[in-house]
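The structure appears right after this line, and notes come after that.
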Amino acid sequence: REDLIEQSERQLREGICDMVGYGRMWLAYPDFYRDHLNGNFEVKKCCLACSKCTELMRAKRVSGCAVFHEYYRNLYTEIQK
(Lines give C-alpha, C1' and ligand atoms only; values in the text may rest on other atoms or scores of the structure.)
Protein backbone atom coordinates (compact mmCIF):
# COMPACT_ATOMS: atom_id res chain seq x y z
CA ARG A 1 0.00 0.00 0.00
CA GLU A 2 2.78 2.42 0.85
CA ASP A 3 4.42 2.18 -2.59
CA LEU A 4 1.33 1.47 -4.69
CA ILE A 5 1.96 4.13 -7.34
CA GLU A 6 5.71 3.51 -7.51
CA GLN A 7 5.20 -0.24 -8.05
CA SER A 8 2.56 0.43 -10.71
CA GLU A 9 4.84 2.85 -12.55
CA ARG A 10 7.73 0.35 -12.35
CA GLN A 11 5.61 -2.45 -13.81
CA LEU A 12 4.48 -0.21 -16.67
CA ARG A 13 8.02 1.01 -17.33
CA GLU A 14 9.45 -2.53 -17.33
CA GLY A 15 6.72 -3.79 -19.67
CA ILE A 16 5.30 -6.21 -17.10
CA CYS A 17 1.86 -4.82 -17.93
CA ASP A 18 0.25 -2.31 -20.29
CA MET A 19 -2.31 -0.96 -17.86
CA VAL A 20 -2.85 -0.86 -14.10
CA GLY A 21 -6.31 -0.99 -12.53
CA TYR A 22 -7.12 -0.21 -8.93
CA GLY A 23 -10.67 -1.57 -8.47
CA ARG A 24 -11.27 -1.87 -4.74
CA MET A 25 -8.65 0.75 -4.01
CA TRP A 26 -10.66 3.30 -5.95
CA LEU A 27 -13.83 2.38 -4.04
CA ALA A 28 -12.07 2.98 -0.73
CA TYR A 29 -9.97 6.02 -1.66
CA PRO A 30 -11.18 7.65 -4.90
CA ASP A 31 -8.77 10.58 -4.60
CA PHE A 32 -5.65 8.45 -4.07
CA TYR A 33 -3.93 9.42 -7.33
CA ARG A 34 -4.67 13.12 -6.95
CA ASP A 35 -3.39 12.95 -3.39
CA HIS A 36 -0.27 11.12 -4.60
CA LEU A 37 0.42 13.81 -7.21
CA ASN A 38 -0.01 16.51 -4.55
CA GLY A 39 2.18 14.69 -2.03
CA ASN A 40 -0.78 14.01 0.28
CA PHE A 41 -1.20 10.24 -0.17
CA GLU A 42 -2.52 8.66 3.05
CA VAL A 43 -1.95 4.93 3.53
CA LYS A 44 -4.63 4.82 6.23
CA LYS A 45 -7.26 5.55 3.53
CA CYS A 46 -6.23 2.54 1.40
CA CYS A 47 -8.37 -0.52 0.83
CA LEU A 48 -8.09 -3.06 3.63
CA ALA A 49 -9.11 -5.98 1.36
CA CYS A 50 -11.97 -6.92 3.71
CA SER A 51 -14.33 -7.89 0.80
CA LYS A 52 -17.35 -6.00 2.15
CA CYS A 53 -17.67 -4.35 -1.28
CA THR A 54 -17.85 -7.82 -2.84
CA GLU A 55 -20.48 -8.91 -0.34
CA LEU A 56 -22.58 -5.87 -1.33
CA MET A 57 -22.22 -6.78 -5.01
CA ARG A 58 -23.21 -10.41 -4.38
CA ALA A 59 -26.25 -9.20 -2.46
CA LYS A 60 -27.22 -7.25 -5.61
CA ARG A 61 -26.58 -3.89 -3.94
CA VAL A 62 -24.50 -1.00 -5.16
CA SER A 63 -20.89 -1.87 -4.41
CA GLY A 64 -18.73 0.54 -2.44
CA CYS A 65 -16.43 0.73 0.54
CA ALA A 66 -18.36 -0.15 3.70
CA VAL A 67 -15.32 0.62 5.84
CA PHE A 68 -14.70 4.23 4.81
CA HIS A 69 -18.08 5.44 3.48
CA GLU A 70 -21.23 5.67 5.58
CA TYR A 71 -23.69 5.09 2.71
CA TYR A 72 -22.17 1.69 1.90
CA ARG A 73 -21.70 0.88 5.57
CA ASN A 74 -25.46 1.28 6.03
CA LEU A 75 -26.15 -0.96 3.02
CA TYR A 76 -23.76 -3.54 4.38
CA THR A 77 -25.46 -3.44 7.78
CA GLU A 78 -28.81 -4.09 6.04
CA ILE A 79 -27.59 -7.22 4.28
CA GLN A 80 -26.19 -8.57 7.55
CA LYS A 81 -29.65 -8.58 9.15
Side-chain angles (χ1 to χ4, degrees):
R1 292 177 183 145
E2 292 82 12
D3 62 349
L4 174 74
I5 304 297
E6 291 80 5
Q7 288 298 318
S8 299
E9 290 172 344
R10 181 187 61 77
Q11 291 180 7
L12 289 166
R13 187 174 52 252
E14 293 177 5
I16 294 169
C17 60
D18 296 320
M19 180 176 74
V20 176
Y22 293 103
R24 292 179 181 186
M25 175 64 168
W26 182 82
L27 292 175
Y29 187 6
D31 294 326
F32 77 94
Y33 192 66
R34 182 180 318 149
D35 286 357
H36 168 75
L37 292 175
N38 293 327
N40 299 319
F41 183 78
E42 295 184 47
V43 175
K44 67 181 180 182
K45 291 183 178 181
C46 291
C47 175
L48 303 174
C50 68
S51 294
K52 288 182 169 98
C53 58
T54 303
E55 289 181 51
L56 285 168
M57 178 186 65
R58 288 184 179 151
K60 300 189 183 337
R61 302 295 173 97
V62 176
S63 187
C65 183
V67 173
F68 296 120
H69 304 288
E70 183 179 7
Y71 175 79
Y72 301 106
R73 189 176 313 120
N74 292 337
L75 287 177
Y76 184 78
T77 301
E78 276 182 28
I79 68 167
Q80 296 302 303
K81 293 179 181 177

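The analysis underlying the following values was restricted to heavy atoms, covering all of them including side chains, and did not include hydrogens, waters or symmetry mates. Positions are given from 1 along the sequence.
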With the threshold set at 4.0 Å, does a side-chain nitrogen-carboxylate oxygen contact exist between Arg13 and Glu9?
-> no

Any Ile16 side-chain heavy atom under 4.5 Å of Arg10 side chain | yes

Nearest heavy atoms of Ser63 and Cys53, plus distance in Å | OG-O, 2.9 Å

Would you indicate whether Glu14, at its atom CD, is surrounded by more than 12 heavy atoms from other residues, nucleotides or ligands within a distance under 6.0 Å?
-> yes

Return yes if some donor-acceptor pair links the side-chain N/O of Tyr29 with the main-chain N/O of Glu42 below 3.5 Å, else return no.
-> yes

Rounded to the nearest 0.5 Å, what's the gap from CD on Gln7 to CG on Leu12? Could you check?
-> 11.0 Å

Give a yes or no on this: more than 12 heavy atoms of other residues, nucleotides or ligands lie within 6.0 Å of atom CZ of Arg58.
-> no

Decide whether Leu37 and Phe32 are clustered together by the hydrophobic rule: side chain heavy atoms of Ile, Leu, Val, Met, Phe, Trp, Tyr closer than 4.5 Å, transitively.
-> yes

Please check if Met19 and Tyr33 belong to a single hydrophobic cluster, counting links between Ile, Leu, Val, Met, Phe, Trp and Tyr side chain heavy atoms closer than 4.5 Å.
-> no

Is it the case that one hydrophobic cluster holds both Met57 and Leu48, taking links as side-chain heavy atoms less than 4.5 Å apart, direct or via other members?
-> no

Could you tell me which non-hydrogen atom of His69 sits nearest to which non-hydrogen atom of Ala28, and how far apart they are?
-> NE2-O, 3.2 Å

Closest approach of Met25 and Cys46, non-hydrogen atoms and distance?
-> CE-SG, 3.3 Å

Would you say Val67 and Tyr71 are hydrophobically clustered, going by side-chain heavy atoms of ILVMFWY under 4.5 Å?
-> no

d(Thr77 OG1, Tyr72 OH) to nearest 0.5 Å is 14.5 Å

Closest non-hydrogen atoms of Gly64 and Leu56, given as atom of the first, atom of the second and distance, are O-CD1, 3.6 Å

Nearest heavy atoms of Tyr22 and Ser8, plus distance in Å | OH-OG, 2.7 Å

Do Asp31 and Lys45 have side chains that get closer than 4.5 Å, going by heavy atoms?
-> no

Test applied, side chain to side chain donor-acceptor pair (under 3.5 Å); reference residue, Tyr76; option that passes from Arg61, Lys52, Glu55 | Glu55

Look at atom CG of Asn38 and say whether more than 12 heavy atoms of other residues, nucleotides or ligands are closer to it than 6.0 Å.
-> yes

Closest non-hydrogen atom pair, Ala59 against Ile79 | CB-CG2, 3.8 Å

